[in-house]
Structures are given as structure tokens and as C-alpha cells.
Amino acid sequence: MRHILSIILALTSVIANAGLPGLRDTLANIIGDRHVAVAMISSRGDTITAGTDDFIDLASVMKFHQAAAISRIADFDTLVSKKITVTNEDLRRDTWSPMRAAATTVPFDISPVELLDYSLNMSDNNAADILFAHFASPEVVDSIVRRDYGATNFAIGVNEARMHANPALSRHNKSTALDAAALIYRFFTADTTASATLVKAVMARNSPFGRERIPAGMPNSAAKVFHKTGTGFTAPDSTVTPVNDLAFISYPTATGFACYSLAVFTGGLRMPEAESLIADISRAVYTAVIVNESLSMNAAASVWAGKKTSTDTGIYNDDNSYTWGDFITDAVFEIIDNTLEHR
């Protein structure tokens, strides 16, 4: 509560705009004339976009789409127990691959959940292509995400190997920011299958990658960030297209937890500027959300007295406990830890 109050006192301009209603203008001022796409969806029913509505290359954000699709076609036991043999041919040297760097002997066996950990948390390109080869091609991933998650304004068409052979093909993996924000929101709040739960548990693991992007906008907060970064190819002028981050964020409230999704996609910026911009956007969104949360609590104080109101969003149990927060159980974490910590 002290943290929330300090934000409110320090940012009176945001309060004057009543939190989220003024967020679109705040984001527009941050973005300026840069090629940036932003979208956020909150558990309180807010959907806010800013910047361009254009498609932007996903880069490695597409690995989240891949993981979501795999969770629809592979059961929990398969993801944890199946063994996939990795050969020298699978470990391309012209691409980013912490898995290749960690390999002491080749060939070796690895489980799908370990590959997902490399792909989602370390953005390993070889791991992603092995998953494409053993579970679903890019085209199949595209069709599953459309069928099962209702996404429409995106495309997945090429794997990492093809993109690195011809960077121009990167445009075949693309999305609007709003479509990506809607996808990760649906995945975390509506998909309660065991396989999806496993993917969420993998994404809950701390990763050293992308800390200067969306997580940097909420330092020392109680929020939990599940995110997937994407970074494109560097042009001769040192600009990078794209520099992206896609996240699902949960945060504590007086009655449990609430959440929002956030997509920030940038193009044509140098890396330091892009990451700083993503952090600034994340900070503005988080601040507006927390301010709005405080205003909502003040306006609905009867909830603290145990009374349900029309402002409830359907994400709470009857006892006001938070439903989606139950998706990662201690048992799942134990399986993840036992599977991955031996590396």
C-alpha cells in the first residue's frame, strides 16, 4: 500500500486524467513520431492502443505463439517425459543458441519442456526450430493459434533457419500489437489445460533476458511479469527492426490479484533507445493501472466489506480469491525444477 500511495503522490498528472482514461494520451506523448505499436488489455475491461496499427515483425516473440500452439497438441506427460535426440545438424552455429553452448557431448537427449525453457526464457533459435520439426511447422502453429485462440491479425510462416538464411523472410512472422496482447491475455486467463499450465510455469522462471524492457518499467514492485522478447536484425545504420516485448503482468490488489497484458513493438530504432522506450511505456502503463486500481478501490469500498458489486470482472472466486492465480501449483513447479535445474 505504501508503494501504491507513493506512486499516486508522485504522479498527480496521471491522477488528474483518472488513471487509464488518460493513458492513451500519455502513451502518444511518449511515442511521438516513432514507429511504435502499443496495446494493453486489463482484467477490469480496459483495452488501450497507441501508435501504429500496422503489422510489425514478431522476431522471437513468435516463440510464444509456438509454445501456445504446442500446448494445444501435446499433453503434459509428453512435454515432460518425451526424449528428443539432438544432433550436430540441429545445432546450427550461425544463430543464437545457449543450448548449443551448454552442450558437452553431441548427440544428446532433451525433453520438450527443456526446449521450451531454452526457447522462451533464453530465446534459443535452435531450440525453437527443433520444436517446429517435432511438433508443429510454422504454418501449423499459425492455424492452431487462429483456431484455438481466436487470433486473426498475425502470421507465422517461417522458422529461424529460414529467417537467418534470408532476413527479408522475417516479415512472414508478424502481428499487430493488439492481436498479440489479446493472444497472451487469453492464454493466461482462459487456457487452463495442464500443458498450458506447464508453459506458464516455464515462463514464470526468472530469465536474464529482456530485463531492460517491460520489467524495467516496474522495478521493486510486487508485480509478476511473464514475457517474451523479440529482436530483429541490425541494419547498417545500427537500427534494429524490430525490438519487441510481449507480456502478461499480474499484480496484488486489496481483494487478491488483477492482471493486464502489454505488447510493445518498435521498428527502426537503435537498441538502447528502443529498450528505454519500452521501459518508459511499461512504466506509464503500470503507473496508470495502479492509480486506477486505487481509484477503483475508493469508489467500491463496499467490496472491502464483503459485498459483491457490478464492477466485478468475473476473474474472482466467490470468496474474492483470484482464479487464474491458481494455475501454477506447487506440484507443477516441482516438476519444472526437477526437470530443468540439473542443467
Side-chain angles (χ1 to χ4, degrees), residues 7 10-11 13-14 17 19-20 22-42 46-64 123 154 170-171 173-185 207-221 223 225-249 251 260-292:
I7 293 177
L11 295 165
S13 63
V14 177
N17 283 323
L20 293 185
L23 179 57
R24 185 176 286 106
D25 291 340
T26 299
L27 294 176
N29 289 333
I30 294 173
I31 293 169
D33 60 357
R34 290 174 288 199
H35 188 60
V36 178
V38 180
M40 73 86 66
I41 300 171
S42 81
D46 303 284
T47 298
I48 294 174
T49 60
T52 181
D53 295 327
D54 293 346
F55 286 93
I56 292 182
D57 295 355
L58 284 168
S60 285
V61 171
M62 70 87 179
K63 292 166 182 168
F64 171 75
S123 216
F154 83 103
S170 298
R171 67 179 182 272
N173 294 339
K174 61 185 179 180
S175 178
T176 64
L178 181 58
D179 198 79
L183 170 61
I184 198 168
Y185 187 89
S207 170
F209 299 98
R211 289 177 178 171
E212 302 305 314
R213 300 186 191 183
I214 287 176
M218 51 191 78
N220 304 317
S221 77
V225 182
F226 306 78
H227 70 128
K228 183 68 199 81
T229 59
T231 305
F233 296 95
T234 303
D237 64 356
S238 297
T239 61
V240 183
T241 298
V243 179
N244 299 337
D245 207 359
L246 173 65
F248 180 85
I249 299 103
Y251 60 94
Y260 63 95
S261 64
L262 177 62
V264 187
F265 295 167
T266 79
L269 303 177
R270 289 178 171 84
M271 181 66 74
E273 179 186 5
E275 293 197 321
S276 177
L277 178 65
I278 292 172
D280 288 345
I281 289 169
S282 174
R283 185 176 299 106
V285 172
Y286 181 67
T287 299
V289 166
I290 295 302
V291 168
N292 191 64

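The ring-ring contact (aromatic ring centres under 6.0 Å, His included) check on Tyr260 picks up nothing, with sequence neighbours excluded.
Judged by distance alone, with hydrogens and angles left aside, the side-chain atoms of Thr241 form no donor-acceptor pair with the main-chain N or O of Gly267 at under 3.5 Å. Side-chain atoms of Asp54 do not come within 3.5 Å of backbone N or O of Thr176 as any donor-acceptor pair. Panel note: side chain Arg213, backbone Phe209; no donor-acceptor pair is recorded below 3.5 Å. A distance-only check finds a donor-acceptor pair linking the side chain of Asn244 to the backbone of Asp57 [under 3.5 Å]. With Ser175 contributing its side chain and Phe154 its backbone, the two residues share no donor-acceptor pair below 3.5 Å.
Atom CZ in Arg211 sits 8.5 Å away from atom NE2 in His227 (nearest 0.5 Å). Atom OG of Ser238 is separated from atom CG of Leu269 by 12.5 Å, given to the nearest 0.5 angstrom. Atom-to-atom distance recorded for Asp237:CG and Arg270:CZ is 5.5 Å, nearest 0.5 angstrom.
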Query raised in the report: So Lys228 and Ser60, side chain to side chain contact (heavy atoms under 4.5 Å, CB included) or not? Walk me through it.
Result: CA-CA 8 Å; Lys228 183 68 199 81; Ser60 285; 3.8 Å; yes
Report task. Please test Ile56 against His35 for side chain to side chain contact (heavy atoms under 4.5 Å, CB included), starting from the C-alpha separation and ending with a verdict. Result -> CA-CA 9 Å; Ile56 292 182; His35 188 60; 4.1 Å; yes
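Ser123 approaches Lys63 most closely through the heavy-atom pair O-NZ, 2.8 Å. In plain terms, the two heavy atoms of Thr26 and Ala284 that are nearest each other are CG2-CB, 4.1 Å. Between Ser282 and Leu262, the closest heavy-atom pair is CA-CD2, 4.0 Å. Nearest heavy atom pair, residue Val240 against residue Gly232, reads CG1-O, 3.6 Å. Taking every heavy atom of both residues into account, Leu27 and Ala50 meet most closely at CB-CB, 3.7 Å. What you find for Tyr185 and Ser261 is that their closest heavy atoms are CB-OG, 3.6 Å.
The only option from Ile278, Thr49, Ile31 that meets the side-chain contact (heavy atoms from CB on, under 4.5 Å) definition with Val38 turns out to be Ile31.
Between Ile249 and Val289, the closest side-chain pair of non-hydrogen atoms is not below 4.5 Å.
The side-chain tip of Lys174 points at the ring of Phe55 from less than 6.0 angstrom away and within 45° of straight on.
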